[in-house]
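Just the heavy atoms: all of them, side chains too, but no hydrogens, waters or symmetry mates, feed the values below. Ligands are counted one by one from 1 in listed order, and the atoms in each one are counted from 1 as well.
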Amino acid sequence: MSHLFSTYLRWEIEPIEAWGSYLKSKDGTQYLDFTSGIGVCNLGHKPPSVKKAVEKQLNQFWHVSNLYESSSQELAALKLANASGLDYVFFSNSGAEANEAAIKLARKATGKSKVITFHQSFHGRTFAAMSATGQEKIKEGYGPLLDTFIHAPFNDLEYISSIMDYSIAAVMIEVVQGEGGVYVGTQDFLKGVERLCKQYGALLIIDEIQTGIGRTGENFAYQHFQINPDIVTVAKGLASGFPIGAVIGKSHLASVFGPGSHGSTFGGNPISIAAAIATMDEVFKRDFLQIVKEKGAYLIGNLQRDLSQTSLVRDVRGMGMIIGIELNHKAQAYIKELQNYNLLVLPAGEKVIRLLPPLTASKEEMDQAVSRITHILSAIEIGERHPIQPY
Ligand SMILES: *Cc1c(COP(=O)(O)O)cnc(C)c1O
């Protein structure tokens, strides 16, 4: 028997090695990995510059606590500040913890407690982050939750205008909803939310945990929309697979997180920080991000073209290298079938196949993925191959 709680519905694949865009399993199968460890390994598996930085830190020290000065945390914070246009950073170990810190920061700064979040959103599994999340299945059985979150429909400016008032501490939003189904925010909606926040003295918190660190072809996804958040949270892609999270805040919040107001034993640990600095050095470059944009447009364009005749497919959408293929059926069986064709992809919501390829994926790798996806989704549709039971 397994002694692990069965919180994860695990795939029947056990990785033994991974490099670049590939993952090899115990039975010797080599997979093209378009999951990047759920949007974490943005530079592919084991990028050499990150490996080198981590090895260097492994030889220096592993952990000393946050009682000491840290020029490497300072450098990592500077890079995040420069890349975001915000000012101050707190390092945590995960995305949920970064969002917890963001919520605490917003409450303390405004002296208010209500936070507006959105349907289908995902903000993490801890209590405040779970309460913030706009998906019932995440919260089932855990109530009562924090009752200070108000959930509004995504991309519906009229609705949020109707509920916004001076009692709101913050609006927390993913500009591209990841786990919920790869829904891209519209320019009008996001600009409108920013305007409402200004008007009512609410802080704008952008959850960039999945979309940050180059995923969409900008440092952070909100930069596509020319909006100015007060707080930004990041995690997944920040350290190429080492556990980390960060909350980045504007200068007007500096005094809110003073000595003793927040903390973490492991947050900003030296190994993860070394990995983060090396990762940011590669990702936060104009040329690199330009190529990510081009690759994303190429991949989305080819999927749209090749799947346009497939009635199983409702929509192909995304931004840069976060891409959703919405089906008319539950996605799970097709994801499993793609594994039989040595391609690893993710679900998002119930009916969406989500691609989070490494930002370093080559054109050939993207072409291979498109051809396998097209083969599976169209062949099953017309019943050419052994059919998957439609749900
Ligand atoms: C993954 C994710 C989180 C939670 O991050 P953890 O590290 O799993 O706690 C929060 N928000 C978004 C948008 C995410 O994609």
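Where the criterion is an N or O separation shorter than 3.5 Å, residue side chain and backbone included, Gly95 meets it with respect to ligand 1. By the 3.5 Å distance cut-off applied to N or O atoms, Gln210 is counted among the residues near ligand 1. Ligand 1 has no N or O atom lying under 3.5 Å from any N or O atom of Gly124, backbone or side chain. Checked by distance only, ligand 1 and Lys236 come closer than 3.5 Å through their nitrogen or oxygen atoms. For ligand 1, the polar-atom distance check finds an N/O of Ala96 within less than 3.5 Å of one of the ligand's N/O atoms.
Checking atom 8 (O) of ligand 1 against the protein gives no heavy-atom contact under 4.0 Å.
A perpendicular orientation is assigned to the rings of Phe189 and Phe154, their planes being inclined by more than 60° (bins at 30° and 60°).
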Inset, instruction - Begin with the C-alpha distance, continue with both residues' side-chain angles, and end with the deciding distance and a verdict on side chain to side chain contact (heavy atoms under 4.5 Å, CB included) for Glu174 and His123. - result: CA-CA 9 Å; Glu174 298 161 88; His123 298 295; 4.1 Å; yes
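Residues Tyr298 and Asp367 bring a donor and an acceptor atom of their side chains to less than 3.5 Å of each other. Residues Thr216 and Thr211 have side chains that never bring a donor and an acceptor to within less than 3.5 angstrom of each other.
The His123 neighbourhood of ligand 1 comprises atoms 10 (C), 11 (N), with distances under 4.0 Å to a heavy atom of that residue. Interface of Asp207 with ligand 1, defined as ligand atoms under 4.0 Å from a residue heavy atom, comprises 10 (C), 11 (N), 12 (C), 13 (C).
The ring-ring contact (aromatic ring centres under 6.0 Å, His included) search around Phe288 returns none, not counting sequence neighbours.
Ranking the protein heavy atoms by distance from atom 12 (C) of ligand 1 puts Phe122 O, 3.4 Å first.
In summary, Glu140 and Lys137 do not engage in a salt bridge, as defined by a charged side-chain N under 4.0 Å from a carboxylate O.
Counting heavy atoms under 4.0 Å from ligand 1, residue Glu174 touches it through the side chain alone.
Nearest heavy-atom pair across Ser272 and Pro243 is OG-O, 2.7 Å.
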